Novice: 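This structure is in structure tokens; I'll ask about it shortly.
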Amino acid sequence: MSDIDERDAPDTQGPVRTSSRRGLFGLGAVLAVGAVAGDALVGEADAAEAATAATAARKGRQYPTASAAAKAVKRSRSSLFPHDPKAHLLRRATFGPRPKDVADLKRLGIDRWLERQLHPRSIKDPRGAKAAALFPLDGAKPGTIVKKTKRYSWDAMMATAQATLARQVFSDRQLYEIVVDVFSDHLHVAIPGGQWHTTPSWIKDVIRGHAFGTYEGMLLAAMKHPAMLNYLSNDESRRADVNENLGRELLELHTVGRGAGYTEAMVRSSAKILSGRTWDYDTGKYYFNEPWHWTGRVKVLGFSHANGSMYRGEQVGDAYLKYLAHHPATARNIARRLATRFVSDTPSADLVNRLAHVYLRHGTSITAVVDAIFKSSDFWSSVGGKMRRPLEDAVGALRVLDVKRASGMKTPLGWLYWNLNAQGHAPYAWGPPNGYPDVAAAWLGAGAMLQRWNLHRAFVNGWWPKLGWTKPSKLVKRTAGMTTLQWTRAAGKRLLGTTPSKKHLLAVVHGAGLTAGSPAPTDDWRCGKLATLLLDSPYFQLR
């Protein structure tokens with residue numbers, strides 16, 4: 001599918017107000033509550049992760065519908081999260097559920113809700129479109145960027161990255177945005193980078209344009225796009241001096257992977273096949289330069305060709321890419337990439353093989369594989385087994401807080417980008433060509449957690465102006481005689497999609513310096529303390 005025509009523009013960096021070290025440890029993530037509740041919460045998170053790892057060796061099943069698969073899983077294997085299929089679906093198929101998402105899923109049911117998400121054009125998305133439209137250079141063509149910015153300007157790259165954040169926060173097409181995120185890591189071109197006037201169209205035309213299409217189509221488009229050809233130096237490749245970068249990464253990262261058994265000679269052949277693919281720097285357009293194409297017999301795995309004419313070199317390359325796209329090893333790699341995002345850091349070989357079969361049977365359809373994940377018992381039994389990465393934590397927090405669009409919103413979106421950049425997880429900003437890691441071990445650390453907690457406080461307390469902020473005291477409906485514990489329980493359900501155990505609720509209350517049986521707080525400061533601690537907890541950090 002092609003992305004809708006949405007626009008974009010520059011950014012402004014702004015500070016996040018940081019809590020003091022003493023304050024963070026006094027309030028953060030219920031650890032200050034003491035050995036009883038704090039240690040229990042961390043221990044149960046470890047147990048949940050261990051339980052998920054244990055499922056990696058299990059055999060799952062495919063079902064005709066997602067709801068049938070959900071029904072077949074009778075209980076949660078997580079000690080933190082109860083059996084609640086709809087809550088689990090919203091944690092995984094959105095960056096974070098807004099109240100509207102919860103209401104839509106309740107109204108439509110699992111199958112109809114997923115059907116709409118798998119066909120994003122069926123969802124009217126004015127909020128996402130208007131948020132992205134704040135950045136007019138988002139996805140702009142190279143010619144437009146050359147005309148509207150200075151040479152080597154970052155303006156269009158930053159606009160594209162920040163428009164991505166805008167869509168993730170405000171779009172109702174959440175599953176589509178998640179799949180875009182997956183494939184921007186799989187076929188990765190770094191932003192910012194030397195590809196100043198080509199990466200915006202790379203994101204729009206290659207990644208967004210094919211995210212719910214076929215991988216064959218995405219791969220063919222990728223290997224003719226100036227951003228990729230420049231990023232991995234294929235534009236430097238000549239018949240007399242073949243550059244191996246793209247030919248190697250095509251095999252290692254983009255398709256079959258190291259386990260496929262290719263040799264160094266095959267890497268060389270892969271690069272030879274791709275020689276001649278280049279682009280015009282002034283126009284930013286791809287073209288095939290026949291005299292630069294290496295000719296002679298080539299062989300990579302099961303693909304071989306006489307490759308005797310430089311004038312047929314582009315067609316040979318397309319045939320080679322189609323062969324790789326349909327290779328069983330590529331099928332397993334794409335299946336594993338998607339299963340890692342939606343199911344587990346260590347998806348079982350059984351699940352990967354089932355998804356790879358779907359990929360091949362449906363002509364490399366990405367949509368079919370995503371659909372099959374939700375029709376697997378593996379997905380519905382993986383509750384609490386994935387950790388939010390920094391971007392997912394920040395975007396998810398804004399969504400569960402139901403932050404609204406507001407005048408001047410472009411400025412805090414710029415602040416969000418630079419704060420995520422400081423955490424090492426701004427959109428597209430990973431340097432190497434392998435994309436951001438999507439496993440918990442890559443994102444653990446006390447410093448990283450402190451940065452998350454600081455953002456939670458900024459969001460909950462309205463420290464960033466020009467976002468449609470909801471006062472903490474208004475997060476839940478207050479009832480007559482409501483106690484602090486009852487308010488915290490209601491806020492937990494509202495923000496976390498589940499009700500934490502009583503001992504963990506008490507840990508939050510005590511961590512905020514409040515008393516469980518006292519009247520529920522009415523001021524934003526105390527309500528904000530409770531809300532931030534809920535977001536700090538593993539109930540929100542795990543999904």
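The figures here come from the full heavy-atom set of this structure, side chains too, leaving out hydrogens, waters and symmetry mates. Here the structure is a predicted model, which is why all the values come from computation and not from measurement.
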Novice: Salt bridge check, K124 against D172: does any charged N sit closer than 4.0 Å to a carboxylate O?
Specialist: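 No, no charged N to carboxylate O under 4.0 Å.
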Novice: Do the side chains of D345 and K386 get close enough for a salt bridge, i.e. N-O under 4.0 angstrom?
Specialist: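 K386 and D345: salt-bridged.
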Novice: Would you call D318-K322 a salt bridge at under 4.0 Å N-O?
Specialist: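 Salt bridge: no.
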Novice: Would you please test N419 and N454 for side chain to side chain contact (heavy atoms under 4.5 Å, CB included) and show each step?
Specialist: CA-CA 10 Å; N419 275 277; N454 275 320; over 6 Å; no
Novice: Can you pull the salt bridge (Lys or Arg N to Asp or Glu O under 4.0 Å) pairs that have at least one residue in residues 284-313, sequence neighbours excluded?
Specialist: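 Pairs touching residues 284-313 that pass the test: none.
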Novice: Do H197 and Y281 make the cut of ring centroids closer than 6.0 angstrom?
Specialist: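 Between H197 and Y281, the centre distance is under 6.0 Å.
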Novice: Should H293 and N307 count as side-chain neighbours, where that means a heavy-atom distance under 4.5 Å?
Specialist: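 The answer is yes, as the side chains (C-beta and beyond) meet within the 4.5 Å cut-off.
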Novice: Any heavy-atom pair between the side chains of Q451 and P390 that's under 4.5 Å?
Specialist: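 Not touching, per the 4.5 Å side-chain cut-off.
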Novice: Rounded to the nearest 0.5 Å, what separation is found between the CG atom of D181 and the OH atom of Y436?
Specialist: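 Answer for the CG-OH pair, D181 versus Y436, is 9.5 Å.
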Novice: How about S275 and R239: does a side-chain donor come under 3.5 Å of a side-chain acceptor?
Specialist: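 Their side chains do not contain a donor-acceptor pair, so the 3.5 Å distance test is not met.
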Novice: What residues form a salt bridge (charged side-chain N to carboxylate O under 4.0 Å, His left out) with R332, not counting sequence neighbours?
Specialist: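 Result, salt bridge (charged side-chain N to carboxylate O under 4.0 Å, His left out) vs R332: none returned.
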Novice: For the ring pair Y323 and H305, is the centre-to-centre distance below 6.0 Å?
Specialist: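 Between H305 and Y323, which both carry aromatic rings, the centre distance is not below 6.0 Å.
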Novice: Tell me whether the rings of H225 and W202 are parallel (<30°), tilted (30 to 60°) or perpendicular (>60°).
Specialist: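 Rings of H225 and W202: perpendicular, as their planes differ by over 60°.
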Novice: So F374 and F379, would you call those rings parallel, tilted or perpendicular, with 30° and 60° as cut-offs?
Specialist: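 Correct class here is perpendicular.
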Novice: Does a side-chain N-to-carboxylate-O contact under 4.0 Å join R457 and D536?
Specialist: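 D536 and R457: salt-bridged.
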Novice: Salt-bridge test for K204 and D138: reply yes if a basic N is under 4.0 Å from a carboxylate O, no otherwise.
Specialist: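 Result for this pair is no, no salt bridge flagged.
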Novice: Does this structure show an ion pair linking D185 with R341, if we count only N-O contacts that are shorter than 4.0 Å?
Specialist: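 Not counted as a salt bridge, because no side-chain N and carboxylate O are separated by less than 4.0 Å.
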Novice: Taking side chain to side chain donor-acceptor pair (under 3.5 Å) as the cut-off, I'd like each qualifying pair that reaches into residues 244-258, sequence neighbours left out, listed once.
Specialist: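 Every side chain to side chain donor-acceptor pair (under 3.5 Å) pair that includes a residue of residues 244-258, provided the two are not neighbours, is S233-N245, E244-R248, E244-R268, R248-E264, E252-R258.
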Novice: Tell me whether Y287 at atom OH has more than 12 heavy atoms from other residues, nucleotides or ligands lying less than 6.0 Å away.
Specialist: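 Yes, enclosed.
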Novice: Here's a test for you: under ring-ring contact (aromatic ring centres under 6.0 Å, His included), which of F540, W469, W464 qualifies with F459?
Specialist: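 For F459, the ring-ring contact (aromatic ring centres under 6.0 Å, His included) test succeeds with only one of F540, W469, W464, which is W464.
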Novice: Please determine which of W418, W430, W443 meets the ring-ring contact (aromatic ring centres under 6.0 Å, His included) test together with H425.
Specialist: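 Exactly one pass, corresponding to W443.
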